[in-house]
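Sequence positions, counted from 1, serve as the residue numbers for this chain.
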Amino acid sequence: MEVESSKSGNWKHSLVYLAFITLIIHLILHKHKLSGNDTVRVKRNPNLPLRFRYDGTFKILQVADMHYGNGIMSRCRDVLDEEFPYCSDLNTTHFLNTLILSENPDFIAFTDNIFGPSTADAAESLLEAFGPAMESGLPWAAILGNHDQESTMNRAELMSLISLMDYSVSQTNPSAEGPTSSLKGSMMTDIDGFGNYNLRVYGAPGSHLANSSIFNLLFLDSGDRAVVQGVRTYGWIKESQLRWVRGISQRFQGQTSDTDQSADALPLTIPALGFFHIPIPEIRQLYYKKIVGQFQEAVACSSVNSGVLETLVSIGDVKAVFMGHDHTNDFCGNLDGIWFCYGGGIGYHGYGKAGWPRRARVILAELGKGDKAWMGVERIKTWKRLDDEKLSKIDEQVLWDHRPSR
């Protein structure tokens with residue numbers, strides 16, 4: 001009897017186990033259901049390389065501090081009382097969609113994306129946060145802020161996932177390329193952080209620079225939190241990252257146009273823009289200088305000054321840097337010839353200021369016009385768009401002009 005009872009129990013347990021496995025498989029197939037003639041899902045890639053338009057322009061939309069949470073379940077912060085009852089992450093999504101349609105950018109740069117403490121599933125929140133960019137089919141890239149990793153994924157996992165999303169040109173870290181590298185195409189391992197990479201922008205179609213990179217976009221991971229001598233502080237850009245930046249600059253230094261020697265030809269220096277999240281300590285100095293925009297809160301930066309400004313000044317390529325972190329600062333200010341610009345917080349789930357519209361920054365690079373064709377980058381401009389009834393355009397300014405005397 002004991003043997004028969006044991007066999008009966010094992011048989012019943014096997015059925016329960018089989019039913020459980022069947023249920024799991026059913027749920028997985030239901031979630032990833034293939035219908036009709038659908039095939040296995042692969043990443044959709046944008047038209048590459050990045051390049052200037054036929055009209056000689058390249059437009060970037062900077063999206064700073066989205067602080068995306070759980071969609072409709074994540075309520076807004078710091079909005080007017082009458083706005084609060086129906087305000088959520090979806091307001092951020094709507095504003096981003098509106099910006100993409102109205103500005104029609106060539107590229108979208110995200111600096112700080114999800115708010116980990118409000119995020120039940122980091123992967124799902126990232127998909128929702130970047131949804132408008134993926135639906136637009138535009139190339140886009142992201143760097144991490146200080147809150148992205150505070151959910152279910154670490155920084156390496158986050159950047160790996162972001163790099164695999166539709167139309168993303170993000171990279172987990174740069175390739176180990178160069179004359180001393182024996183691992184061409186592999187990822188650098190001797191660099192701090194995740195999300196350090198360089199994107200090249202090529203000349204206008206049909207021009208003699210169509211196959212040349214004439215504009216660089218540098219992305220750097222500024223970290224999240226750290227402890228220095230027993231005191232908590234924010235992260236900072238490390239020497240290994242700055243060493244990589246110097247290498248990128250040296251690779252392109254001295255490139256000049258030898259195909260058009262007319263009087264209107266521009267020297268083909270390679271100007272660059274930088275993107276990172278946490279501001280450097282020198283930004284505090286701008287409180288006492290002329291700025292374009294508003295300085296409304298203290299600069300939340302690291303206690304460590306790692307020499308970012310000194311490095312950027314020494315290489316001479318970077319004309320402007322775009323950052324976030326301090327949501328109610330939206331100004332541009334000049335430090336030693338380089339403009340440092342806040343994006344202004346776009347996210348409704350992030351902190352802000354009631355009655356002060358959420359906003360985003362637009363950057364426009366323009367080519368010089370030669371006698372017969374477009375030349376190198378001549379001018380870089382910026383402005384901001386507000387999430388108000390008019391989608392107001394404010395604080396337009398020239399950040400860099402190759403021919404300021406014209």
Value rounded to 0.5 Å, distance of CG in D224 from CG in D148: 9.5 Å
More than 12 heavy atoms of other groups within 6.0 Å of E82 CD: yes
Option from L217, L48, N216, L273 for which side chain to side chain contact (heavy atoms under 4.5 Å, CB included) with L199 holds: L217
Centroid-centroid under 6.0 Å between W140 and Y167 rings: no
CD1-CG distance between I280 and L309, expressed to the nearest 0.5 angstrom: 5.0 Å
Chi angles and distances behind the side-chain contact (heavy atoms from CB on, under 4.5 Å) call for R361, K384: CA-CA 4 Å; R361 182 170 291 281; K384 297 185 292 284; 3.6 Å; yes
Worked check of ring pair (Phe, Tyr, Trp, His ring centres under 6.0 Å) between Y68 and F115: CA-CA 6 Å; Y68 203 93; F115 186 62; over 10 Å; no
Over 12 non-hydrogen atoms of neighbours within 6.0 angstrom of NZ in K390: no
S249 versus I315, closest heavy-atom pair with distance: OG-CB, 3.5 Å
Full working for side-chain hydrogen bond (donor to acceptor under 3.5 Å, both in side chains) between S392 and D388: CA-CA 7 Å; S392 299; D388 57 15; 2.6 Å; yes
Within the 6.0 Å centroid threshold, strictly below: H349 and H67: no
From N198 atom CG to I248 atom CD1, the distance as rounded to the nearest 0.5 Å: 4.5 Å
Separation of D317 CG from I270 CD1 (nearest 0.5 Å): 8.0 Å
More than 12 heavy atoms of other groups within 6.0 Å of E310 CD: no
Which atom of V362 lies closest to which atom of R385, heavy atoms considered: CG2-CG, 4.4 Å
Rounded distance (nearest 0.5 Å) linking atom CG of L126 with atom CG of L161: 6.0 Å
Salt-bridge contact R359-D330 (side-chain N to carboxylate O under 4.0 Å): yes
Heavy-atom side-chain proximity of T93 to P132 below 4.5 angstrom: yes
Exam field: side chain D221 to backbone F194, donor-acceptor pair closer than 3.5 Å: yes
Greater than 12 external heavy atoms within 6.0 Å of I72's CD1: no
Test item: D65 side-chain N/O and H325 main-chain N/O as donor-acceptor pair under 3.5 Å: yes
Backbone of L99 reached by a side-chain donor or acceptor of N104 within 3.5 Å: no
D78 side-chain N/O to K353 backbone N/O, donor-acceptor pair under 3.5 Å: no
N/O donor-acceptor pair under 3.5 Å between D89 side chain and G69 backbone: yes
Pair F331 and Y342, ring centroids less than 6.0 Å apart: yes
C341 side, atom SG; Q397 side, atom CD - distance, nearest 0.5 Å: 5.5 Å
Residue pair D401, R379: steps toward the salt bridge (charged side-chain N to carboxylate O under 4.0 Å, His left out) verdict: CA-CA 4 Å; D401 196 327; R379 186 180 298 107; 3.2 Å; yes
Validation row, ring centre F52 to ring centre W374 under 6.0 Å: no
Step-by-step salt bridge (charged side-chain N to carboxylate O under 4.0 Å, His left out) determination, R246 to E239: CA-CA 10 Å; R246 289 191 287 267; E239 173 56 31; 2.3 Å; yes
Donor-acceptor contact present, side-chain N154 to main-chain E157, <3.5 Å: yes
